[in-house]
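Count residues from 1 along the sequence.
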Amino acid sequence: MSPRETAQTPEDLTRLFVERSNAGDAEGVALLYEENAVLAYPPGKQTVGRAAIRELWAEVLSHKPHFEAEEPLPTLVGGDIALTSTPPRDGAGARAQVVRRQPDGSWLRLLDQPEFVVP
């Protein structure tokens, strides 16, 4: 298996997520997260850790959903931490991720809030 592309900018993570999800690559999606990342999904719950995130995405991707790229909002970067966000096309409110630069210069998700619903 060839090595997977790594995110060289915070914004790369969203593109790689869409590509890997549409390819049914749950392992590849999980590799976009830090080992102890927290994903606020499914709605109202948290999935903690890369292994649990991989299991969750294996289940989600088994239903063959199709994801569309969403235009990112401006990224806020402070040192090795960044906040990325997109206004979703599906009307879910907003999506936001806290990402961290890794020692090799790549970026991984630390906190992922894929849906904010306006009360």
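Under the 4.5 Å side-chain heavy-atom criterion for grouping Ile, Leu, Val, Met, Phe, Trp and Tyr, Leu111 is not connected to Leu108 through any hydrophobic cluster. Hydrophobic clustering (side-chain heavy atoms under 4.5 Å, transitive across Ile, Leu, Val, Met, Phe, Trp, Tyr) groups Leu32 together with Leu61. Grouping the Ile, Leu, Val, Met, Phe, Trp and Tyr side chains by contacts below 4.5 angstrom, directly or via other members, places Ile53 with Val18.
Side-chain atoms of Leu16 and Glu5, non-hydrogen and from C-beta on, do get closer than 4.5 Å to each other. Taking the side chain as every heavy atom from C-beta outward, Val99 and Pro10 approach each other to under 4.5 Å. Inter-residue side-chain proximity for Arg54 and Val29 is flagged as unmet; no heavy-atom pair is nearer than 4.5 Å. Using a 4.5 Å heavy-atom cutoff, the side chains of Glu27 and Arg20 are not in contact. Between Glu68 and Glu70, the closest side-chain pair of non-hydrogen atoms is not below 4.5 Å. Two residues are said to be in side-chain contact when any heavy atoms from C-beta on lie closer than 4.5 Å; Leu76 and Ser85 fail this criterion. Leu56 is listed as a side-chain neighbour of Leu39, based on a closest heavy-atom distance under 4.5 Å. Side chains of Thr86 and Glu71 form no contact here, defined as non-hydrogen atoms less than 4.5 Å apart.
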Apply the test salt bridge (Lys or Arg N to Asp or Glu O under 4.0 Å) to residues Glu34 and Arg50: give CA-CA distance (whole Å), side-chain angles for both, the deciding distance (0.1 Å), then the verdict.
CA-CA 7 Å; Glu34 287 194 357; Arg50 185 183 288 156; over 6 Å; no
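Taking the six-membered ring where tryptophan is involved, the planes of Phe17 and Phe67 are perpendicular, since the angle between them exceeds 60° and thus also 30°.
The neighbour count for Asp104 CG, taken as heavy atoms of other residues, nucleotides or ligands under 6.0 Å away, is above 12.
Taken from CD in Gln102 to CG in Asp80, the straight-line distance is 9.0 Å, to the nearest 0.5 Å. The OG1 atom of Thr84 sits 6.0 Å away from the CZ atom of Arg109 when rounded to the nearest 0.5 Å.
Listed here is the closest heavy atom pair of Pro42 and Thr47: CD-OG1, 4.0 Å. Minimum interatomic distance between Leu83 and Ala96 (heavy atoms only, all atoms of both residues): CD1-CB, 4.3 Å. Across all their heavy atoms, Trp107 and Leu13 have their closest contact at O-CD2, 3.5 Å. Nearest approach of Ser106 to Gln8, heavy atoms of both residues: CB-NE2, 4.0 Å.
Between the side chains of Ser21 and Glu19, no donor-acceptor pair of N or O atoms lies under 3.5 Å. When only modelled atom types and interatomic distance are considered, Tyr41 and Asp112 share no side-chain donor-acceptor pair under 3.5 Å.
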